[in-house]
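Here is the naming used below: chain letters follow the sequence lines, and residue numbers restart at 1 for every chain.
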Amino acid sequence: MVELARGQEDAREPVTEVTGAMDVVFKHSYGEHYDRFYREMRDNKRIVGIKCTRCGGVLLPPRPYCGKCYAPTREWVALSDEGSLLTYTCVHLPFIGQPTDPPYVYAFIMLDGADVQFPHMLGEIEPEDIEVGMRVKAVWNTDRKGTLHDIKYFRPV
Amino acid sequence: MAHAVAVVGTGQTKYVSRREDVNIPEMVREAAQRAMEDAGVTVDDIDAVVVGSAPEIFEGVNSPENWVGIAAVAAGKPLMRIHTGGTVGASTTIAAYYHVASGVFDVVLAVAYEKLSDGIAQYGLSACYDPLWDRDFACGAPALVALQTREYLARYRNKVTEEHGAMVAVKNRKNAIKNPYAQLQLEITVEDVMRSAPVATPLKLLDCCPTSDGAAAMIIAGDRKARKMTPRPAWIAGVGTCTESPYVPNVDMAYPESCVRAAQQAYQMAWIYDPLRDLDMAEIYEAFSFQELIWSEALGLCEPGDGGRFVESGRTAMDGEFPINPSGGVLSSNPIGASAMIRQLEAATQVMGKAGEHQVPGVEKAMAHSWGGAIQFSTVTVFSSRL
Amino acid sequence: MEIKQPKLVCLEGENKCPYRWSTGEMVGAFLTALRDHQKIMGGVCTGCGAVIVPPSSYCETCSSPVEEMREVGPRGVVMSWARVPEPFIDAPLPAPFRYVLVRLAGSDTSMVHVAPDDDNVRVGAILIPEFREERRGSITDIKWFVPEGSQGDG
């Protein structure tokens, strides 16, 4: 809801702006595919993809159809929690409401057995030592809740 | 067969980091009024209005067409709102083009805007990521484009360097000095860019666009009316748009398929065989410096991997054979919802010969490009002085 | 058809983005007059002469610029009203209260505001604004509109 206007406090200055916020709470439905994916992470420390029945690509995040062929997916595939680094960035920019405090290394990883990149963070390595193509492996959290944070980060192998 | 369609008038506001003297609808009105004056038309001449804007979370007003539509003279007329991520401004013009090319309307006002200073830009951009997937690692647009840039630099590690990105940043900020509407008008060096603070590596502060308040508007008219309104309209000779999913096998952020395909569509429609030879200049949506190199390749202006050499050669400079972003580009002004329309507006204005101090001599054909979403939407528009 | 209930139903999230909306000159002057002078100002259209409250820099009817400002009210007539019986998040007043569409004396447009849940708040009734002691340059510097003659009851 928009908070009804709150103007400037200093009565000598003319009003030039009105401040407020849009505070909204959301409940994002997982659906069947995200549900299976995150339960495998939480309960079995396992990353699973799903195969397109037409192009055979192993997709992430799992979903009922392929985003390219629009063919249905059917077969679940267990993926390795190891893979190769596709690309990365060290995020320095802070902003209001940022979910993760900078600096942190955000990366796309191609897990062994997958055909679509997996987004996560890198740890246990200095940013200047990171190389595209290097092998990395998931470090799992002990307290897992069924989110991508069930993996702490990926570390160099 | 589609009716021939042209841009007959344009209007934009001075892009600044914060406009305090106007609210959002007033800013939209300012651009719309200037476009109508430029085309020599009044409110009564406008048959329909298309409004484009970015996600509501940027400015905190839901269904903004409700209030900006009226400001954009839509009272008593058909109004439509368009939204396609960063490409929204271009999609707005393209929707207006469809209105007229279909023969249903003669004169349509297209207007796009953004007042980024009213909200928190990176907060809004980060909310574009899937909350069930990668939102927690997001850092607005810079993080995503940093991943794109790193992929590109790693692929061509022997051919493209971070200095090549810096050259784009230097060139476009210098071009902006001659554009009275541009926000960042800077005389800077490659060293300045290289030394600027890291935002999301390899992107440094001067590799990044600013956040801006501003609006842009164009009057789009059909063949018969266009010829009466102006002696030199900018004909919309080719239009291409394409969408791709970021979560499918073989996505290539360093050579995005949506861009390649959008260009193919627009070139085919405009009878462009070799864009570098057949076009005279381009306005490319480079929200971050390296993107000008990546898009130059995907648009077929140079070979994959040659983007660095392309800028280094000086061919894309203001006095080069194929100037890119004479306006200063997105690196100099970025009111997000309007930025893609500004590319078209600048390309059209160049064709009309009305760009003023940053006019490239003798432009007959010009291209405008834009990208949006998770590097998944692309548009290409070709403008021509001849039908 | 059987619907399988997944074990992870949903992920809770929150958007909490702060904003500062530029008022522009006309709305800025309107809010400043409320705060500093407890006056309600309208804008006069240079084309059709309509008095618009709150003012904008252009007329939404004839599209002409609005330049001059003129005081309107404080009395206004109720054009329409709606009763809010239950509380809701960020409501402007504790329930029950009424939303009113008020046309202030000298204005050609109606303005939305709030009023007490009083049966005298009905179409055609004359209301007057009650200003807050602490005013911050906001439309809520007018606490509400009350039926004429009932000031001080609220």
Requested in this report: Verify side-chain contact (heavy atoms from CB on, under 4.5 Å) between B:Val61 and A:Met22, making sure each step is shown before the conclusion.
Outcome: CA-CA 9 Å; B:Val61 181; A:Met22 257 168 102; over 6 Å; no
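- Residue pairs meeting the side-chain hydrogen bond (donor to acceptor under 3.5 Å, both in side chains) criterion with at least one member in residues 93-113 of chain A, sequence neighbours excluded: A:Asp112-A:Arg135.
- In terms of heavy-atom pairs under 4.5 angstrom with chain B, the leader among A:Asp115, A:Thr147, A:Val105, A:Thr89 is A:Thr89.
- Of all residues spanning residues 76-87 of chain A, those with a heavy atom less than 4.5 Å away from chain B's heavy atoms are A:Thr87, arranged by number.
- Note that the CD atom of B:Gln148 and the CZ atom of A:Phe108 stand 10.5 Å from one another [nearest 0.5 Å].
- Heavy atoms closer than 4.5 Å to chain A are found nowhere in B:Ala197, neither backbone nor side chain.
- If you tally non-hydrogen atom pairs under 4.5 Å between each of B:Val248, B:Leu147, B:Asp134 and chain A, the highest count goes to B:Leu147.
- No more than 12 heavy atoms of other residues, nucleotides or ligands sit less than 6.0 Å from atom CZ of B:Arg261.
- Both the backbone and the side chain of B:Pro198 come within contact range of chain A, each with at least one heavy atom under 4.5 Å from a heavy atom of that chain.
- If you measure heavy-atom distances from B:Ile120 to chain A, the contacts under 4.5 Å come from the side chain alone.
- Neither the backbone nor the side chain of B:Glu56 comes within less than 4.5 Å of any heavy atom in chain A.
- A:His120 and B:Phe137 have tilted rings, their planes meeting at an angle from 30° to 60° on a 0 to 90° scale.
- Contact check for B:Leu132 versus A:His28: side-chain heavy atoms found under the 4.5 Å cut-off.
- Contact of the B:Arg18 side chain with the A:Glu17 side chain is registered, since non-hydrogen atoms from C-beta on lie closer than 4.5 Å.
- Of the atoms belonging to B:Asp130, it is side-chain heavy atoms, and not backbone ones, that fall under 4.5 Å from chain A.
- Taking 4.5 Å as the limit, every side-chain heavy atom of B:Glu151 sits out of range of all side-chain heavy atoms of A:Val132.
- Put simply, SG on A:Cys90 and CG on B:Leu203 are 12.0 Å apart, with the number rounded to the nearest 0.5 Å.
- Interatomic distance, B:Leu205 CG to A:Leu93 CG, rounded to the nearest 0.5 Å: 9.0 Å.
- For B:Ser63, the side chain to side chain contact (heavy atoms under 4.5 Å, CB included) partners at least two apart in sequence or on another chain are B:Glu65, B:Asn66.
- Note on A:Pro94, A:Gly57, A:Pro119: by heavy-atom pairs under 4.5 Å with chain B, the leading option is A:Pro119.
- Only the side chain of A:Phe37 comes within less than 4.5 Å of a heavy atom in chain B; its backbone stays farther off.
- Residues of residues 59-69 of chain A lying under 4.5 angstrom from chain B, judged on non-hydrogen atoms, are A:Leu59, A:Leu60, A:Pro61, A:Arg63, A:Gly67, A:Lys68 by number.
- In terms of heavy-atom pairs under 4.5 angstrom with chain B, the leader among A:Glu131, A:Met110, A:His149, A:Gln117 is A:His149.
- The parts of B:Ala143 that come within reach of chain A are both its backbone and its side chain, each placing non-hydrogen atoms under 4.5 angstrom from that chain.
- For A:Lys137, the NZ atom is densely surrounded, since the number of other residues' heavy atoms within 6.0 Å is greater than 12.
- Ranked by heavy-atom pairs shorter than 4.5 Å toward chain A, the options B:Ser245, B:Ala154, B:Cys139 are led by B:Cys139.
- There is no contact between B:Arg155 and chain A, counting heavy-atom distances below 4.5 Å.
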Query raised in the report: Passes side-chain contact (heavy atoms from CB on, under 4.5 Å), A:His92 versus B:Thr201? Steps please.
Result: CA-CA 8 Å; A:His92 292 271; B:Thr201 60; 4.0 Å; yes
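- Applying the 6.0 Å contact sphere to CZ of A:Arg155 captures more than 12 heavy atoms from other residues, nucleotides or ligands.
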